[in-house]
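Written out below as structure tokens is the structure these notes cover.
Letters A, B, ... mirror the listed sequences (proteins, then strands); counts begin at 1. Heavy atoms only: backbone and side chains are in, while hydrogens, waters and symmetry mates are out.
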Number of protein chains: 2
Amino acid sequence: MRRKITLKHIARELDVSISTVSKALKGSSEISEDTKDKVQAFAKLYNYKPNNIAVSLKNKRTKNIGVIIPDIVHHFFTTVFRGIEHYANQRGYNVIVCVSDESFDREVVNMEMLANGSIDGFIMALAGETQLKKDFRHLREVMDQGMPLVLFDRVTDEIACDKVVLNDEQISYEATMSLINEGRKRIALLTTDSFFSVSNAREQGYKRALRESNITVDENHILRLPYNKEIDGVGSFLKKNNINAVLTVNEIFGVHCLSAAQGIGLNIPTDLSVIGFTDGILSKYSVPKLTTVAQHGDKMGALAAKLLIEKIENDFNEEDEVFTTEVIQATIIRRKSTIN
Amino acid sequence: MRRKITLKHIARELDVSISTVSKALKGSSEISEDTKDKVQAFAKLYNYKPNNIAVSLKNKRTKNIGVIIPDIVHHFFTTVFRGIEHYANQRGYNVIVCVSDESFDREVVNMEMLANGSIDGFIMALAGETQLKKDFRHLREVMDQGMPLVLFDRVTDEIACDKVVLNDEQISYEATMSLINEGRKRIALLTTDSFFSVSNAREQGYKRALRESNITVDENHILRLPYNKEIDGVGSFLKKNNINAVLTVNEIFGVHCLSAAQGIGLNIPTDLSVIGFTDGILSKYSVPKLTTVAQHGDKMGALAAKLLIEKIENDFNEEDEVFTTEVIQATIIRRKSTIN
DNA sequence: TTGTAGGCGTTATCAG
DNA sequence: CTGATAACGCCTACAA
């Protein structure tokens, strides 16, 4: 077993000092061509690579970024993660992921694990529990230590930091409008509990579209379904309220709605139009294919990573920090569950 | 901005030596209760936490594990990752993920990035290109350096290391058998190019079941579809060969098969039975719901992490290393696309 | 009971 | 042109 080789080994073998080796490997002009060649050849032969940990300690830079997300088996987060990972890798950063599982405690623990030197900055989407409790001390603490933080999607106004969000309210408004333009009047919203920042924004957009079109907002047309649990009762909800169009805040609800509607004999899109959120795999393979709001997670992730790395690398001048909130423009992918 | 505090800061403030602080914080019995209290109180007040990087350098242990997977927007890998992350976290390890994107080069680059001290060991599934090229030097190199490696799912016989795989051949045999037991004779296989170790194993199981049941294996009944590309021609394939049962090596093919069959007027499962692989979200929301082989990714991931951490922590006695290959038992989840 | 010194691997400064 | 030294933050054997 050929153990990893260090500067010290090379120095000993070649009978020079460690600093000479270090400089020679960097091609420093202070070192003679002769020794440079000798050292570099030896290093190549034994496949010398500097030890990241030692370099990190020296530079106080790990070239790692920490990502904390509520869930990984989830198309949108996965997509964002891919965006982050891809961009970060290009810039020479590695990504450490922790999953909070929607739990406040796990979010706190994970942050603490990573905040002690393992990473140069955080990218995260808040756990459901955190948004519910509105307790953000762990975020504030990390910021106080001068560690950059970028929030995406599930954000909060209570923390001043860079953010990347979707134009949730607006795209939800537009989606609802497009249903109204199909001539639909009895439009339902299938959503989750409203403490999720994004669900809330989507609900606002839905309501605004109705109001602006002089359709009274009927709370009975808003069905709040449990998140990550068995779904039930959508068919009877549709029938009872005589719904003819639905906006759902994710694609699971959307696809479920499709089958529930077909189950009670409705034709899609003739009798009922459906628009979902999250342009994932379900939307593409459902029957009929689901019209859906693409959240462009890749773009969101890449942008979050870009913002973070800029903060990390621009030894930002302490107090006069400026935070931006970037808004990603969602787009509606028209497929077969709507008329237009 | 309250910068991170170190032993040195505490020592200076309290006018003791660094080592006294270090010992006091560990509750060492060499230190007087008095100073212990004083130091610990101070440390708590300023929220002292040891710097991971420094500890890593000292111990030559990072408490990080590296995961390299071909794709992250993919239900199975995502599930395995969750298993790894969950188990690793419990044992105090963090997880650094790199995505190879099925590319050999990216796999190599990522491995090199991580192998220089950032992590204590690797868990990986081979990129498609790597399985095609059969070039495993990068794996061997890492092993040579004494860094533990666990391969899962996409493995190779050419590297001696711990492995976690599915009983692909056997479960594929059983799935095919169950189709045969429904009275089906014209059974198709929808698969990918055969250089993927798993597709290959599944094909073997399928063929064995046919052979043992005295059904001639007809290569025309095996349709090889491009991976991660647009799928086409499944309907005409089914019709032309008068297929009445299908086994597919993933759930996308399975669900696609469902719609293609329904598109040409076949009733499922009366006219055609379908069994897919990967019990993901598609299978649960398809119409009808897809009978599928559950690969238990969580379990696979947890086991891989367990094997790896054991190797890391048991300062394994150099040469007399023993490698195990653990086999996860897949199970068939019966839903509505089959008769039984 | 406390402190000193050396080392983990690297880099940067300064002296020879 | 080369090397000694100190430092990053922590730990620990050994000395006082």
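Comparing atom distances between the B/P50 side chain and each of D/dT2, D/dC10, C/dT10 picks out D/dC10 as nearest. In the set D/dC11, C/dT2, C/dT10, the nucleotide with an atom closest to the side chain of A/K58 is C/dT10. Closest to the B/S32 side chain, of the nucleotides D/dC10, C/dG9, C/dT2, is C/dT2. Relative to the side chain of B/E30, the nucleotides D/dC11, C/dT10, C/dT1 differ in distance, and C/dT1 lies closest.
What separates CG of B/D34 from P of C/dT1 is a distance of 10 Å, to the nearest Å. When the P atom of C/dA12 is taken as reference, atom CG of A/L57 falls 14 Å away, rounded to whole Å. Computed from coordinates, the B/N59 CG to C/dG7 P distance equals 17 Å when rounded to whole Å. Across the protein-nucleic acid pair, A/K26 atom NZ and C/dT10 atom C1' stand 8 Å apart, rounded to whole Å. With rounding to whole Å, B/K4 atom NZ is found 9 Å from D/dC10 atom P. In this structure, the CD1 atom of B/I53 is 12 Å from the P atom of D/dG9, given to the nearest Å. When the P atom of D/dC11 is taken as reference, atom CD1 of B/I31 falls 13 Å away, rounded to whole Å. Atom CG of B/L25 is separated from atom C1' of C/dT1 by 16 Å (rounded to the nearest Å).
Judged by distance alone, with hydrogens and angles left aside, the side-chain atoms of A/Q40 form a donor-acceptor pair with the main-chain N or O of A/A24 at under 3.5 Å. Side-chain atoms of A/R154 never come within 3.5 Å of backbone atoms of A/F196 as a donor-acceptor pair (strictly under, hydrogens ignored).
Residue-to-nucleotide proximity on DNA chain C shows that, of B/T35 and A/A54, the 5′-proximal contact is made by B/T35.
On a pure distance criterion of 3.5 Å, a polar donor-acceptor pair joins the side chain of B/K23 and the base of C/dG3.
The number of heavy-atom neighbours closer than 6.0 Å to NZ of B/K306, taken from other residues, nucleotides and ligands shown, is 12 or below. Counting heavy atoms of neighbouring residues, nucleotides and ligands inside a 6.0 Å radius, atom OH of A/Y46 does not exceed 12 of them.
Within a heavy-atom distance below 4.0 Å of DNA chain C, the residues of residues 5-19 of chain B found are B/V16, B/S17, B/S19.
Using a 4.0 Å cut-off between a side-chain N of Lys or Arg and a carboxylate O of Asp or Glu, A/R106 and B/E85 qualify as a salt bridge. A salt bridge is defined here as a Lys NZ or Arg NE, NH1 or NH2 lying under 4.0 Å from an Asp or Glu carboxylate O, and A/K23 with A/E30 meets this definition.
Using modelled atom types, one finds no donor on one side chain facing an acceptor on the other under 3.5 Å when comparing A/D298 with A/T79.
Residue A/S56 is out of contact with every strand shown, counting any heavy-atom pair closer than 4.0 Å.
If you look at A/H9 and A/Y48, their ring centroids are not closer than 6.0 Å.
Considering all non-hydrogen atoms of both residues, A/M300 and A/D153 come closest at CE-N, 3.5 Å.
Atom NZ of residue B/K58 and atom CD1 of residue B/I53 lie 15.5 Å apart, to the nearest 0.5 angstrom.
Between its two ends, the helix from C/dT1-D/dA16 to C/dG16-D/dC1 turns its axis by 60°, counting five pairs per end and rounding to 10 degrees.
At least one side-chain nitrogen or oxygen of B/Y48 sits closer than 4.0 Å to the OP1 or OP2 atom of D/dC10.
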